[in-house]
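Written below as structure tokens is the structure these notes are about.
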Amino acid sequence: MSTTLRYLGHSSFKLSSNTYSIVFDPYKDFSVPNLKFPRPINANEVLISHEHDDHNARSYVTIIPKQRDLTVETIDCFHDDQQGALRGKNKIHIVKTGTLTVVHLGDLGHQLEDSDIEKIKGCDVLLAPINGHFTLGAEDIYQLYLKVNPKIIIPMHYYKKEDNSGYNDDNEIGKFLSHFDNYTALDTDFFVIEDYLGKTDCIIFK
């Protein structure tokens, strides 16, 4: 059994096992600077971290109805460090396929309590925002990475100079990658998770 992860841009990914697929946080066209959501995208389910246009474009995904055969758990948290007063609530999704655990942090805006860290500790893949303004930044996410100790971390929600896409930030991706001697930059937009476990600590998509 293999599990693939496809990067759809910004904070959106498609996770596919042999029998079930999930899209995280699809975004409305150009709600993120210079990004149009790829279509067509089919999935069995869409998971939304919060109701902002750059995360909640459910209608862009064609749903193929099917009984869920994996586990989805959530952690309620906030989009900022003021209990949601600035940007509202956020939801972390923890997907357990039976062999792998993939965690999508959404637009996490604060450090997690120890009790919540325990729920995601040692996950196989951690999808983590590093914008630094709308979410935690590179340094804060790296500190979270040290506590969670995922097998692989994938940064998301950052400015990509190569195609001038995403919200401007202070070179958060450069800061983040400076912490990793062993990271992988993929030329494709998808990979088989099992193929990279134990071989790299961090993955980015060119």
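All residue numbers in this chain count up from 1 along the given sequence.
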Is there a donor-acceptor contact under 3.5 Å linking the side chains of Thr19 and Asp69?
yes
If you count the non-hydrogen atoms of other residues, nucleotides and ligands that lie under 6.0 Å from NZ in Lys89, is the total more than 12?
no
Asp181: which residues meet the side-chain hydrogen bond (donor to acceptor under 3.5 Å, both in side chains) condition with it, sequence neighbours left out?
none
How would you list, by chain and number, every residue that makes a side-chain hydrogen bond (donor to acceptor under 3.5 Å, both in side chains) with Lys119, sequence neighbours excluded?
Asp116
Within the side chain of Asn34, is there an N or O that forms a donor-acceptor pair under 3.5 Å with the backbone of Asn164?
yes
Can you tell me if Thr74 uses its side chain to pair, donor with acceptor, with the backbone of His93 under 3.5 Å?
no
Assign the ring pair Phe13 / Tyr7 to parallel, tilted or perpendicular, where the plane angle (0 to 90°) is split at 30° and 60°.
tilted
Results of side-chain hydrogen bond (donor to acceptor under 3.5 Å, both in side chains) for Asp29 - residues two or more places apart only:
Arg39
When you measure from the side chain of Lys160 to the backbone N and O of Phe205, does any donor-acceptor pair fall under 3.5 Å?
yes
Could you work out the complete set of other residues in the hydrophobic cluster of Val23, with links drawn between I, L, V, M, F, W and Y side chains under 4.5 Å apart?
Leu8, Tyr27, Val32, Leu35, Phe37, Ile41, Val46, Ile48, Tyr60, Val61, Ile63, Phe134, Tyr167
For His55, all residues meeting ring-ring contact (aromatic ring centres under 6.0 Å, His included), sequence neighbours excluded
His10, His50, His157
Can you tell me if Lys161 has over 12 outside heavy atoms packed within less than 6.0 Å of its NZ?
no
Would you check if the side chain of Ser12 reaches a backbone N or O of Gly9 as a donor-acceptor pair within less than 3.5 Å?
no
Would you please classify the geometry between the Tyr142 ring and the Phe180 ring as parallel, tilted or perpendicular, with 30° and 60° separating the classes?
perpendicular
Would you please test His79 and Asn90 for side-chain hydrogen bond (donor to acceptor under 3.5 Å, both in side chains) and show each step?
CA-CA 5 Å; His79 198 327; Asn90 181 67; over 6 Å; no
To the nearest 0.5 Å, how far apart are CZ in Phe176 and CD1 in Ile153?
3.5 Å
Tell me every residue that passes side-chain hydrogen bond (donor to acceptor under 3.5 Å, both in side chains) with Asp53, counting only those two or more places apart in sequence or in another chain.
Lys28
Chi angles and distances behind the salt bridge (Lys or Arg N to Asp or Glu O under 4.0 Å) call for Lys206, Glu162:
CA-CA 8 Å; Lys206 291 183 180 178; Glu162 298 81 5; over 6 Å; no
